[in-house]
Protein chains: 2
Amino acid sequence: MTAITVLLVDDHLVVRSGLRALLGTQPDFDVVAEAASGEEALEQVDGHSPAVVVMDLAMGAGMDGIEAIRQLRQRNNRQAILVFTTYDSDADIVRAVDAGAMGYLLKDAAPDEIFAAIRGAVQGKSVMSAPVASRLFQQLRNPNEVLTPREAELLSLLTEGLSNRELGQRLFISEATVKTHLAHIYAKLGVETRAAAIATAIRREGMR
Amino acid sequence: MTAITVLLVDDHLVVRSGLRALLGTQPDFDVVAEAASGEEALEQVDGHSPAVVVMDLAMGAGMDGIEAIRQLRQRNNRQAILVFTTYDSDADIVRAVDAGAMGYLLKDAAPDEIFAAIRGAVQGKSVMSAPVASRLFQQLRNPNEVLTPREAELLSLLTEGLSNRELGQRLFISEATVKTHLAHIYAKLGVETRAAAIATAIRREGMR
DNA sequence: GGCAGCATCAGCCAAAAGGCTGAGAGACCA
DNA sequence: TGGTCTCTCAGCCTTTTGGCTGATGCTGCC
């Protein structure tokens, strides 16, 4: 049996080293290359054709992980792409899956979880960390908690620190309507104040 | 010459593994323990008395890095504490230094930079990543815009969406005092509402 | 045709936040 | 000793926000 070839993509050297060390404990993994950016990732895939790409989403500069996934998919190569990131933002999950990721792991995942995800990915299985799965599940169960386009638009502006009046002016609606939207957004996010909504939006929804 | 004993504190296994692998390449480092939380860090320091503690600030649950640093300092042990984190937030830097950190490194630092920082720390030298140093430098130039430790602490809690009352309860101060601090924070950040302050804090200060 | 969801708006009221002024205690420093 | 900074608190007033109820027009769907 041949080893599973892996490409590590993360802008932090320590994370790459850590993953390399962890994967090195397993006989069936072979880390053939590393990349510190989206651009580098594309090059390394061309050079090494790894079976699995383990990729962080937040890259310091240049192309981010989502865009790198999208471009890898467009070349219709056969790599399985696993997202390996710190935050389980709803928005990031949706965007990564949409771009073509096979799995979604969080950085605090246990080693066995990581190993299983990589082995599963080469067999075409989707594997994700429990918190990620639970988020997706919850979204499917309660579509009521999904923001409407208009609400999402308003929430996005909200995270820029605008007042109700400013929101109304920006969106060409009355302040009353702004308040109605806000009440709905608060209910869906499970918060009671605009401050908490902003905090939740930026942290959980990945808006920034 | 005896090796420099090191304790690694980070809630992510991969980061600890990565650091361990990196430091393992240097003959004068000896990673004697690891901890995944602030509480664990205190225990491990008691058990191993490392010369240097390399600590992340953001810990998943429980005591965060800042609080761990503060408690370590209160025991007047001799460990040099190095912050090793992802973001160079002004507020975090101020709070970490105030709590008693010897140095401040970013996770994308080069290995040599990390090695030098640890070796410097045991000799009582303060070492920090270039971006961190540049932020501190800029702060020295316009001291009016520098948040005091208390203000930074409050701003940090503010980004969690707390109300003035909750802030007061959390910090054991009156609501009046909270409002005073907020007014100062707004002036320093150049904003007029708490929403804008949160937005600015998370985006510009890197808080999350 | 009716029903559900979405976006729009109004008015009323209570609570929260923000602007302003003033002030005391403790730390630090020249 | 005096000045400055930080942290603490109070009162008063205006503005903003949030909760509630109710309503209209539009669209898509069964």
Side-chain angles (χ1 to χ4, degrees), chain A residues 139-201, chain B residues 66 70 73-74 90-91 93-100 139-201:
Chain A
Q139 287 198 359
L140 289 179
R141 260 207 318 268
N142 317 354
N144 326 352
E145 292 176 11
V146 179
L147 298 180
T148 68
R150 192 58 158 172
E151 285 163 1
E153 191 181 2
L154 208 141
L155 180 57
S156 171
L157 288 176
L158 194 66
T159 64
E160 292 179 13
L162 302 187
S163 71
N164 290 350
R165 182 171 309 174
E166 291 168 325
L167 289 172
Q169 289 169 346
R170 198 76 87 82
L171 297 174
F172 304 107
I173 57 181
S174 79
E175 213 175 314
T177 306
V178 170
K179 292 172 80 171
T180 305
H181 284 310
L182 283 181
H184 294 159
I185 292 173
Y186 295 165
K188 289 180 179 178
L189 294 185
V191 300
E192 285 171 342
T193 68
R194 87 169 37 212
I198 293 174
T200 302
Chain B
I66 299 276
R70 188 166 290 125
R73 275 291 87 108
Q74 283 177 349
D90 285 347
I93 296 173
V94 169
R95 291 174 61 214
V97 171
D98 185 63
Q139 290 194 358
L140 288 180
R141 269 205 302 272
N142 3 359
N144 321 354
E145 293 176 9
V146 181
L147 298 180
T148 68
R150 193 58 157 172
E151 286 162 0
E153 191 180 3
L154 209 140
L155 180 58
S156 171
L157 287 176
L158 193 67
T159 64
E160 291 179 13
L162 302 186
S163 69
N164 289 349
R165 181 172 309 174
E166 290 168 324
L167 289 172
Q169 290 169 346
R170 199 74 89 78
L171 297 174
F172 304 107
I173 57 181
S174 80
E175 214 176 314
T177 306
V178 170
K179 292 171 85 169
T180 303
H181 283 310
L182 283 181
H184 294 158
I185 291 173
Y186 296 165
K188 288 180 179 179
L189 293 185
V191 300
E192 286 170 342
T193 68
R194 88 168 33 211
I198 294 174
T200 303

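To find a chain, count down the sequence lines: A is the first, B the second, and so on, and within it residues start at 1.
Residue contacts shown for Thr177(B) include a base, since a base heavy atom lies under 4.0 Å away. Nucleic acid contact class of Glu175(A) (heavy atoms, under 4.0 Å, all strands): none.
Donor-acceptor pairing under 3.5 Å is lacking for the side chains of Thr180(A) and Thr177(A).
Side-chain contact between Leu167(A) and Leu154(A) is present, with at least one heavy-atom pair separated by less than 4.5 Å. Here the side chains of Ile173(A) and Arg150(A) are in contact, with some heavy-atom distance below 4.5 Å. You'll find the side chain of Lys188(B) reaches within 4.5 Å of the side chain of Thr148(B), heavy atoms only.
Residues Leu158(B) and Ile198(B) come closest through the heavy atom pair O-CD1, 3.5 Å. In terms of heavy-atom proximity, Ala199(B) sits nearest to Glu160(A) at CB-C, 4.0 Å. Residues Ala201(A) and Thr159(A) approach most closely at CB-CG2, 3.7 Å, considering heavy atoms. Taking both residues in full, the closest heavy atoms of Tyr186(A) and Glu192(A) are given as CD1-O, 4.2 Å, listed atom of the first, atom of the second, then distance.
Where Leu182(A) and Phe172(B) each meet DNA chain D at their nearest nucleotide, the meeting point lying more 5' is that of Phe172(B). Residue whose closest nucleotide on DNA chain C sits further toward the 5' end, between Thr180(B) and Arg194(B): Arg194(B). Of the residues near DNA chain D, Ser163(A) and Thr148(B), the one whose nearest nucleotide (by heavy atom distance) lies more toward the 5' end is Thr148(B).
In 5' to 3' order, the nucleotides of DNA chain D bounding all contacts with chain B (an atom under 4.0 Å from a heavy atom) are dT6(D) to dA10(D). Read 5' to 3', the first and last nucleotides of DNA chain C with an atom closer than 4.0 Å to a heavy atom of chain A are dC6(C) to dA10(C).
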